[in-house]
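Step one of this worksheet: look at the structure below.
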Amino acid sequence: MVRRVDDEDDVEPWRRRPRRSRRTRKQMPLWQELPLLLIVAFCLAVLIRTFLLQAFFIPSGSMEDTLLIGDRVLVNKIVYDVRDPARGEIVVFRGTAAWAPEVREEADPGFVAKLGRTIGDLVGVSRPGEKDFIKRVVGLPGDKVKCCDDQGRVTVNGVPIDEPYVLENSPLDVPPNRQECRSRRFDEVVVPAGQIFVMGDHRLVSQDARCQGPVPIENVIGRAFVVVWPFGHWSSLPVPDTFDKLPRPAAASAPAEPPADSPQNSANTGEIAIAMPILGSLLVTARSRRSRGTRHRRLHP
């Protein structure tokens, strides 16, 4: 006689079929998840600001019209770990003791303002310090830079450069003054080893290497490669073609500039390569969260 088993509980334990687990991960409430996401975003911003990219606020008109007061640029902080600055690039750097501040900080901004600046500095969106500057590289180690030729142009190693990015140039009839960059003319400067000669695009108001001296490469924070704010000013900051005709640095010890058709001089290829993994990680995170939410969604009859 065959016994029919209607209930699986009557079957011997070793013959029972394993039941499929229906346990699912409990979704975190929004009021708990939101602070966690903010903390993760803050930590990610600090890491990016420390090692990869930093937003820099333009505090003065020394780079007009390339950069306007209030613009924010992204600065690549690792590009000069693998190579030295090139002519024509816009760099952010810490000025030496000879460099006078372009913008003075408030004497006592108050506790709230100090706290805001501290947090902003951690994530890379605060105003620059008094010794932070942004200028264009004109001369490299060993270069001979002077002004002017018979057409009032700056020359590098005897080769004049046309500078269409210059908004208002300094007057030619003002005598040179090593304490103030009021004159367009300055005597020949041989850029020392390990330093760069930088100038602002708005020469009439810019205080730069003409009167304050070259800047050590070790003081360079990074290369500004794109304007990100306001959205109406969004643009890249490539190297102007006028620098392509210049010879390589005169100093034998100075590293050679990359050729004009190399990836380092083409449309900010290196900076885009750095930014892509960050954008990709954010996209993957968003997609994973969306797919996880789909798995947890249940159909109700």
Original post:
Among V154, V174, N169, D173, which residue meets the side chain to side chain contact (heavy atoms under 4.5 Å, CB included) test with R184?
Top reply: N169
Original post:
Any side-chain heavy atom of D143 sitting closer than 4.5 Å to one from F197?
Top reply: no
Original post:
If you look at every heavy atom in W99 and D208, which pair is closest and at what distance?
Top reply: CH2-CA, 3.5 Å
**OP:** Using a cut-off of 6.0 Å, state whether more than 12 heavy atoms not belonging to Q179 lie near its atom CD.
**Re:** no
Original post:
Counting heavy atoms not belonging to D241, are there more than 12 under 6.0 Å from its CG?
Top reply: no
Original post:
Which is it for T155 and I161 under the side-chain contact (heavy atoms from CB on, under 4.5 Å) test, yes or no, and what are the steps along the way?
Top reply: CA-CA 6 Å; T155 64; I161 55 176; over 6 Å; no
Subject >> Where T96 and K131 come nearest, the two heavy atoms and their spacing >> reply: O-NZ, 2.9 Å
Subject >> side-chain hydrogen bond (donor to acceptor under 3.5 Å, both in side chains) partner of E163, chosen from R203, R136, R153 >> reply: R203
Original post:
Given the side-chain rings of Y80 and F93, with only the six-membered ring counted for Trp, is the space between their centroids under 6.0 Å?
Top reply: no
Subject >> Criterion side-chain contact (heavy atoms from CB on, under 4.5 Å) on K146 and D187, from CA distance to verdict >> reply: CA-CA 6 Å; K146 67 175 295 185; D187 296 332; over 6 Å; no
Original post:
After noting the C-alpha distance and the side-chain angles of T66 and D201, does the key distance pass the side chain to side chain donor-acceptor pair (under 3.5 Å) rule?
Top reply: CA-CA 7 Å; T66 305; D201 289 358; 2.6 Å; yes
Original post:
Is there a donor-acceptor pair under 3.5 Å between the side chain of S183 and the backbone N or O of R185?
Top reply: yes
Subject >> Residue pair S170, R182: steps toward the side-chain contact (heavy atoms from CB on, under 4.5 Å) verdict >> reply: CA-CA 6 Å; S170 302; R182 295 184 57 199; over 6 Å; no
